[in-house]
Undergrad: 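Starting off with a structure, shown below.
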Amino acid sequence: MSETIVQENNKHRNLGITDEQVIKMYRTMVLARKFDERALLLQRSGKVNFHVSGIGHEAAQIGAAFALEKQKDYFLPYYRDYGMVLSIGMTVRDLMLSIFAKEEDITSGGRQMPGHFSAKQYHIVTGSSPVTTQVPHAVGFALAAKMKKQDFVSIVTFGDGSSNQGDFHEGLNFAAVQKLPVIFMVENNQYAISTPLHKQVACERLVDRGLGYGMHSVQVDGNDPLAVYKVVKEARERGIKGEGPTFIEAKMYRLSPHSTSDNDLAYRTKEEVEENWKKDSIPHFKTYLEECGLWTEEQELRMQEEIKQEVNEATKYAEQAPFPKPEEALTHVFKEQ
Amino acid sequence: MSETIVQENNKHRNLGITDEQVIKMYRTMVLARKFDERALLLQRSGKVNFHVSGIGHEAAQIGAAFALEKQKDYFLPYYRDYGMVLSIGMTVRDLMLSIFAKEEDITSGGRQMPGHFSAKQYHIVTGSSPVTTQVPHAVGFALAAKMKKQDFVSIVTFGDGSSNQGDFHEGLNFAAVQKLPVIFMVENNQYAISTPLHKQVACERLVDRGLGYGMHSVQVDGNDPLAVYKVVKEARERGIKGEGPTFIEAKMYRLSPHSTSDNDLAYRTKEEVEENWKKDSIPHFKTYLEECGLWTEEQELRMQEEIKQEVNEATKYAEQAPFPKPEEALTHVFKEQ
Amino acid sequence: MAKISYIDAISAAMKEEMERDENVFVLGEDVGVKGGVFGTTRGLHEQFGEMRSMDTPLAESAIAGVAIGAAMYGMRPIAEMQYGDFMLPATNQIINEAARIRYRSNNDWECPLVIRAPIGGGIFGGLYHSQCPESIFVGTPGLKIVVPSTPYDAKGLLKAAIRDEDPVLFFEHKKCYRMIVDEVPEEDYIVEIGKSDVKREGEDVTVITYGLTVHFALQAAAELEQEGISTHVLDLRTLQPLDREGILKAAEKTGKVLIIHEDNKTGGVGAEVSAIIAEELVFDLDAPIKRFCGYDVPAMPISPPLEKFYMLNKDKVKQAIKEMALF
Amino acid sequence: MAKISYIDAISAAMKEEMERDENVFVLGEDVGVKGGVFGTTRGLHEQFGEMRSMDTPLAESAIAGVAIGAAMYGMRPIAEMQYGDFMLPATNQIINEAARIRYRSNNDWECPLVIRAPIGGGIFGGLYHSQCPESIFVGTPGLKIVVPSTPYDAKGLLKAAIRDEDPVLFFEHKKCYRMIVDEVPEEDYIVEIGKSDVKREGEDVTVITYGLTVHFALQAAAELEQEGISTHVLDLRTLQPLDREGILKAAEKTGKVLIIHEDNKTGGVGAEVSAIIAEELVFDLDAPIKRFCGYDVPAMPISPPLEKFYMLNKDKVKQAIKEMALF
Ligand SMILES: Cc1ncc(C[n+]2csc(CCOP(=O)(O)OP(=O)(O)O)c2C)c(N)n1
Ligand SMILES: Cc1ncc(C[n+]2csc(CCOP(=O)(O)OP(=O)(O)O)c2C)c(N)n1
Ligand SMILES: [Mg+2]
Ligand SMILES: [Mg+2]
């Protein structure tokens with residue numbers, strides 16, 4: 001019995017994750033959550049116009065990001081992926097500059113909505129709002145890897161509703177035919193705005209779609225960062241070895257409303273939401289670290305304090321940062337000579 | 001042993017097809033073939049500009065059409081479906097008027113290319129060239145059936161390559177979610193112009209895509225009209241009973257070049273094509289009728305003569321029919337008062 | 001007559017048409033239980049049930065394509081695109097299918113379909129929640145395109161669109177939704193598609209515009225009146241087919257034409273309006289035909305100073321009219 | 001200098017650019033083994049292998065979208081759309097993605113992509129193998145649009161497009177493919193994108209056109225010379241960004257402007273050309289600005305008398321120039 005527990009507690013080591021790394025994973029999850037909570041507050045107090053929350057998605061995002069290689073692999077995240085972009089180089093300050101739409105915003109210089117990540121230095125590929133368009137782009141990066149014989153993969157994430165767009169189908173099929181090193185990860189949070197999964201699809205599991213592409217496909221508990229790490233790591237290896245793409249379905253629940261413009265209680269019950277809070281990955285992962293003997297309440301308090309300060313400073317910095325000059329709206333339509 | 005043969009020979013009766021009907025199926029297959037051969041000739045001799053052939057597809061088309069209800073169900077055929085449209089009301093004369101692009105052409109008054117079927121009187125829904133757009137249209141007809149509580153189904157056909165278009169994915173998914181009475185039949189002829197199936201898809205069977213839609217799916221030998229009849233009949237029943245859509249993959253081989261503009265020997269071998277001629281459904285179905293004792297060489301000769309005359313007359317009629325007046329190009333942009 | 005908002009006029013038109021004709025139904029993303037992300041379809045779900053206010057999967061090409069099929073059968077679908085920015089996956093269905101069905105079948109089939117989409121900026125929507133996609137579709141024969149500026153027009157035009165036997169794109173400026181309120185009769189009425197409307201009579205300068213910018217023009221005109229400049233304001237209302245006669249009459253009236261739209265200038269419908277005038281009235285003009293439109297950038301940025309710089313407003317429009325008057 | 005056809009000029013441009021830069025590759029339906037349905041990519045498969053002349057699945061949105069991803073990585077994809085009529089499933093990828101990548105990332109990412117598509121009619125292609133889709137894309141900032149009329153321009157413009165750092169739509173008139181032959185230098189050269197070209201100097205009437213109709217204009221001009229009418233012919237070559245200066249200069253030259261294109265008139269690029277002139281030169285004109293274009297019908301029918309009625313040709317163009325000259 002105690003055997004089993006020890007093994008369970010060594011789950012991360014069995015996956016090749018060091019103790020330091022696993023703590024970093026936890027810290028990044030909390031950081032993403034704290035940023036997100038602050039952003040919600042900032043929106044509510046009228047300091048920023050809009051926020052789209054990733055609360056409930058952090059475990060999957062961080063599990064995936066840590067399994068990949070920073071500044072080598074290419075990342076095509078979607079709008080909830082704060083956990084992912086924070087894992088691979090972006091800072092809370094970057095995120096704050098984006099939600100305040102300031103000149104220094106690295107994602108777009110204040111042009112795009114928050115959550116529309118972009119940063120070439122971190123191999124984060126610019127994204128747009130029309131859902132699923134990034135899926136074929138990721139395939140294009142993977143195609144380049146194959147053509148140029150480079151050993152990177154691309155990863156692209158998107159929502160469950162978005163798996164019904166034509167671009168999902170066309171992108172996965174293309175990648176499968178060409179056996180490209182790309183990882184498709186759907187963050188299945190049970191809703192597309194107000195529309196529940198059963199009004200979006202009639203299949204049992206989204207991952208069932210993989211068969212139709214002849215694609216290796218795997219469903220995973222999106223609340224378990226180590227489980228996600230494992231399947232993404234394996235997917236990366238398959239990709240690098242020339243064994244083709246992988247389709248991953250990470251199951252979770254969207255704990256926040258769709259965005260700050262949404263009233264989710266118009267279409268789901270408080271009880272349902274509360275029920276799902278019980279599965280929140282953050283306290284569970286904390287318990288795991290504690291059970292591994294890697295984490296104490298003291299460390300937790302210190303980290304919480306640090307993160308609070310980080311978020312405070314980032315907020316302050318971004319709030320005070322200058323807006324872009326109006327005429328900036330006219331630049332970079334085409335390459336300027 | 002002789003037991004088995006009798007049973008095999010009664011295959012059509014077991015399916016509820018009368019002897020008269022099964023002969024009609026055979027006749028329509030031959031009629032479609034003869035029209036097609038003539039159209040190829042007319043194009044080669046410069047009398048018409050273009051023909052897209054359905055040779056090799058007749059069995060599936062006729063099997064499907066005979067399993068459905070004329071002027072009740074809605075048909076959304078694609079450009080190779082001569083066998084289907086001839087089964088449900090269109091005549092060889094209609095087809096000839098279309099390839100000659102004459103004023104009397106019921107499909108478009110000489111506006112559209114041949115193979116772009118349309119005839120409201122036969123519930124044949126107007127189609128275009130961009131592939132797969134008809135798939136969501138068929139879903140729309142089925143949605144109307146559900147909303148208006150009508151007991152018809154819609155059937156839509158398309159090619160294997162076309163199953164990679166976004167509209168395939170979006171259409172099937174929509175139908176499955178709403179459990180609509182629609183039959184999707186892919187005529188898998190192994191090629192999309194020059195592109196062989198393995199460069200189009202990486203799945204084993206196209207029908208594997210059904211799982212991802214939670215859709216009843218079945219693969220069938222497209223050279224066997226009775227097998228196709230059976231699965232389409234069952235699909236129709238499922239639809240009418242409210243059990244939802246069916247995805248059918250009919251496997252066959254495109255025996256002609258893609259169209260009269262294509263030289264298929266640039267990308268496939270003569271041997272491959274010849275090998276597939278051995279599976280041609282027409283002689284096999286004839287043998288079946290003979291073995292059932294329903295068909296003699298004399299009947300065959302008589303039928304061939306009749307069909308020849310039918311095709312001759314249609315050709316002559318269409319050739320002599322007047323073209324539309326030039327100014328006709330300007331009518332029917334919007335409803336005219 | 002009650003005073004209602006632009007958005008309520010749109011909701012009322014749908015509700016009344018659904019009551020009048022059981023073939024009318026709405027479909028789109030989140031249009032059912034939630035009543036739409038802007039609330040345009042609120043109440044329809046309760047009144048007409050989930051089949052007639054249908055939450056669809058997230059797939060615009062299917063929304064358009066399924067609606068086309070249903071329309072060919074004889075239904076009267078109203079397909080909602082959540083934002084104009086997101087209707088582009090449906091372009092092929094709209095242009096190659098809906099718009100060509102009557103013509104290609106030589107009048108055998110028809111496609112009485114309405115596609116509604118909110119357009120325009122000024123709401124901090126950034127590049128992909130602020131677009132004016134109308135110029136992509138203008139120039140597609142077989143398609144009618146409508147953009148109302150007032151609650152009265154919105155209700156009357158939407159009813160006309162629903163009753164039309166051909167496909168109609170119905171664009172709603174989201175900034176008008178709650179901002180524009182006016183009197184709308186309780187009785188049933190329609191506003192004919194294809195007719196422009198003189199929203200203000202004037203003598204010095206003719207402004208030709210549509211959508212949100214109609215209001216900027218009217219506000220500017222009111223102020224300019226004080227300064228002795230009299231502005232004639234023509235609201236196109238329908239972008240396709242354009243009201244040639246109405247345009248020429250308005251242009252002739254003052255001989256000075258200023259075309260205004262939020263959509264970016266190059267290739268916008270303003271070019272067509274200008275070309276029509278240049279084709280017919282070139283010697284009757286007292287000034288060059290000017291266009292005052294959105295900048296030619298991929299779309300409107302979200303950062304407040306950038307958005308403000310991009311957006312037209314009363315003051316910018318006033319300045320443009322003044323310059324034209326002084327020409 | 002060798003005399004080569006328009007289609008061979010296009011093939012040669014791709015071949016030479018692929019030799020010059022290993023990041024250049026072509027992808028599309030049937031472009032590999034078969035060499036394209038028109039034969040534009042013939043020989044590339046043998047020379048460069050199946051990865052650099054890639055047969056793709058039948059899915060235009062993926063062809064564009066995958067090319068966009070590869071371009072962002074640093075490749076130089078040339079995506080072929082089998083017919084202009086079939087590129088509409090890729091509209092969202094082209095307009096919302098390719099055209100906005102530089103702008104939305106504030107110049108961090110770029111998308112050096114060429115999308116080639118054959119356009120135009122006169123080949124008995126009917127409604128869906130004859131379309132001129134350019135007006136759908138004109139008016140999209142961030143997108144360059146090129147339509148060559150001669151082998152020289154085709155080769156030079158395609159090379160320029162491949163070397164461009166921004167997305168370029170490259171439209172080829174399929175009727176020109178084998179019909180138009182002229183001298184093309186053996187050495188490497190490019191034709192700058194954004195520059196129109198005076199294809200014939202003249203004094204009485206200015207024709208502004210592009211693509212196939214350039215040839216009708218030149219043929220008509222040659223005949224009209226005999227009748228004492230001198231025609232100035234400007235080939236736009238690039239539809240976006242338009243060569244404002246070149247257009248104004250050509251318009252000024254004669255004061256009588258006739259804009260000609262095969263794309264249907266309403267909402268076509270001719271409207272923008274007219275509007276530019278009306279904005280700048282209205283008082284220098286000796287005649288109204290006329291447009292002689294395709295009819296406003298959903299697309300060109302296949303039946304020979306209907307197609308003939310729809311298509312422009314030398315005689316119709318001659319008549320139109322004559323009328324303008326006599327104004
Ligand atoms: C093409 C397109 N259509 C509609 C929208 C509006 N929209 C934004 S998010 C969203 C729901 C997405 O749901 P899902 O894919 O499940 O992702 P989630 O938001 O649940 O993470 C919709 C409909 C959009 N962004 N793009
Ligand atoms: C959207 C679109 N892209 C390209 C084409 C050109 N095209 C016509 S038929 C065809 C191949 C279709 O293959 P498949 O779906 O297998 O049907 P088949 O012709 O083999 O019956 C192609 C690429 C088209 N008609 N529509
Ligand atoms: Mg979701
Ligand atoms: Mg095929």
Side-chain angles (χ1 to χ4, degrees), chain C residues 60-61 85-96 99-104 127-128 131 133 135-143 240-242 259 263-283 285 287-291 295-299 301, chain D residues 60-61 85-96 99-104 127-128 131 133 135-143 240-242 259 263-283 285 287-291 295-299 301:
Chain C
E60 284 76 10
S61 188
D85 317 60
F86 304 145
M87 71 192 291
L88 296 196
T91 316
N92 192 40
Q93 285 290 348
I94 296 170
I95 293 180
N96 262 336
R100 312 208 195 286
I101 280 169
R102 182 184 300 283
Y103 188 80
R104 80 183 186 211
L127 267 72
Y128 294 101
Q131 294 177 31
S135 77
I136 297 169
F137 300 98
V138 169
T140 300
L143 209 57
Q240 194 163 288
L242 276 169
I259 299 161
D263 193 3
N264 65 286
K265 179 175 170 180
T266 298
V269 73
E272 182 61 36
V273 172
S274 171
I276 288 173
I277 297 168
E279 210 154 48
E280 303 284 349
L281 287 181
V282 87
F283 300 122
L285 296 177
I289 307 169
K290 288 278 177 199
R291 289 174 291 162
Y295 290 108
D296 283 324
V297 300
Chain D
E60 284 75 11
S61 188
D85 318 60
F86 305 146
M87 71 192 290
L88 296 195
T91 316
N92 192 40
Q93 285 290 350
I94 296 169
I95 294 181
N96 262 336
R100 311 208 197 286
I101 280 169
R102 183 184 299 283
Y103 188 81
R104 80 183 184 211
L127 267 71
Y128 293 101
Q131 293 179 28
S135 77
I136 296 168
F137 299 97
V138 169
T140 299
L143 208 56
Q240 194 162 289
L242 276 170
I259 299 161
D263 193 3
N264 64 286
K265 178 174 172 182
T266 298
V269 74
E272 183 61 38
V273 172
S274 171
I276 288 173
I277 298 168
E279 212 154 47
E280 303 285 351
L281 288 181
V282 88
F283 299 123
L285 296 177
I289 307 169
K290 289 280 177 198
R291 288 175 291 162
Y295 290 109
D296 283 324
V297 301

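Naming: A, B, ... by sequence-line order, numbering from 1 per chain. Heavy-atom basis, side chains included; hydrogens, waters and symmetry copies ignored. As the structure is a prediction and not an experimental result, all values here were calculated from the model.
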Undergrad: Heavy-atom distances under 4.5 Å only: say whether C:Asp263 touches chain D with side chain, backbone, both or neither.
TA: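 Neither the backbone nor the side chain of C:Asp263 comes within 4.5 Å of chain D.
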Undergrad: If we define contacts as heavy-atom pairs under 4.5 Å, which of D:Asn96, D:Ile277, D:Ile259 has the most with chain C?
TA: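 When all of D:Asn96, D:Ile277, D:Ile259 are compared, D:Asn96 has the most.
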Undergrad: Heavy-atom distance under 4.5 Å to chain D: side chain of C:Asn264, backbone, both or neither?
TA: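 C:Asn264 touches chain D through side-chain heavy atoms alone.
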Undergrad: Quick one: what part of C:Gln131 sits under 4.5 Å from any heavy atom of chain D, side chain, backbone, both or neither?
TA: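 It is the side chain, since no backbone atom gets that close.
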Undergrad: Name all residues meeting the side chain to side chain donor-acceptor pair (under 3.5 Å) criterion together with D:Gln93; count only those two or more places apart in sequence or in a different chain, and write none if there are none.
TA: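 Counting only residues at least two positions away or on another chain, D:Gln93 forms a side chain to side chain donor-acceptor pair (under 3.5 Å) with A:His137, A:Asp167.
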Undergrad: Nearest heavy-atom pair of C:Lys290 and D:Glu279: which atoms, and what distance?
TA: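 Looking at all heavy atoms of both residues, the closest pair is NZ-O, 3.6 Å.
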Undergrad: Which bit of C:Arg102 is near chain D, if near means a heavy-atom gap under 4.5 Å: side chain, backbone, both or neither?
TA: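 Neither part.
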Undergrad: For the candidates D:Thr266, D:Leu242, D:Asp85, which exhibits the highest count of non-hydrogen atom pairs separated by less than 4.5 Å from chain C?
TA: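 The option with the most such pairs is D:Thr266.
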Undergrad: Is C:Ala99 close to chain D through its backbone or its side chain, or both, or neither, when contacts mean heavy atoms under 4.5 Å?
TA: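 Just its backbone gets close to chain D.
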Undergrad: Considering all heavy atoms of both residues, which atom of D:Leu127 and which atom of C:Arg104 are nearest to each other, and what is their separation?
TA: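 Heavy atoms of D:Leu127 and C:Arg104 come nearest at CD2-CB, 3.5 Å.
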Undergrad: Heavy atoms, side chains only, cut-off 4.5 Å: are D:Thr91 and C:Asn92 in contact?
TA: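 Counting from C-beta outward, D:Thr91 and C:Asn92 never come under 4.5 Å.
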Undergrad: If you count heavy-atom pairs under 4.5 Å between each of D:Ala299, D:Ser61, D:Ala278 and chain C, which one has the most?
TA: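 The answer is D:Ala278.
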Undergrad: Identify which part of C:Phe86 has an atom lying under 4.5 Å from any heavy atom of chain D, answering side chain, backbone, both or neither.
TA: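 Neither part.
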Undergrad: Which atoms form the tightest heavy-atom contact between C:Pro298 and D:Pro141, and what is the distance?
TA: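 Heavy-atom minimum between the residues: N-CB, 3.7 Å.
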Undergrad: Looking at D:Gly270, D:Pro133, D:Gly142, D:Ala275, which makes the most heavy-atom pairs under 4.5 Å with chain C?
TA: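 Option with the greatest count: D:Ala275.
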Undergrad: Is the backbone N or O of C:Ala271 less than 3.5 Å from a side-chain atom of D:Glu272, with the two atoms forming a donor-acceptor pair by type?
TA: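 A pair under 3.5 Å: no.
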Undergrad: May I ask you to name which of D:Leu285, D:Thr140, D:Val297, D:Asp296 has the most heavy-atom pairs under 4.5 Å with chain C?
TA: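 Heavy-atom pairs under 4.5 Å are most numerous for D:Val297.
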Undergrad: Contact part of D:Phe137 toward chain C, heavy-atom cut-off under 4.5 Å: side chain, backbone, both or neither?
TA: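 Neither; nothing under 4.5 Å.
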Undergrad: Can you check side-chain contact (heavy atoms from CB on, under 4.5 Å) on C:Glu280 and D:Ile289, steps first, answer last?
TA: CA-CA 8 Å; C:Glu280 303 284 349; D:Ile289 307 169; over 6 Å; no
Undergrad: With a 4.5 angstrom heavy-atom cut-off, is it the side chain or the backbone of C:Leu281 that approaches chain D, or both, or neither?
TA: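 The answer is neither part of C:Leu281.
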Undergrad: Using the test side chain to side chain contact (heavy atoms under 4.5 Å, CB included), find all partners of D:Phe283 that sit at least two apart in sequence or belong to another chain.
TA: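 Testing D:Phe283 for side chain to side chain contact (heavy atoms under 4.5 Å, CB included), a comparison that skips the adjacent residues, returns C:Pro288, C:Phe327.
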Undergrad: Sort out for me which of D:Ala287, D:Gly268, D:Ser135, D:Pro241 touches chain C most, counting heavy-atom pairs under 4.5 Å.
TA: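 Looking at each of D:Ala287, D:Gly268, D:Ser135, D:Pro241 in turn, D:Ala287 comes out on top.
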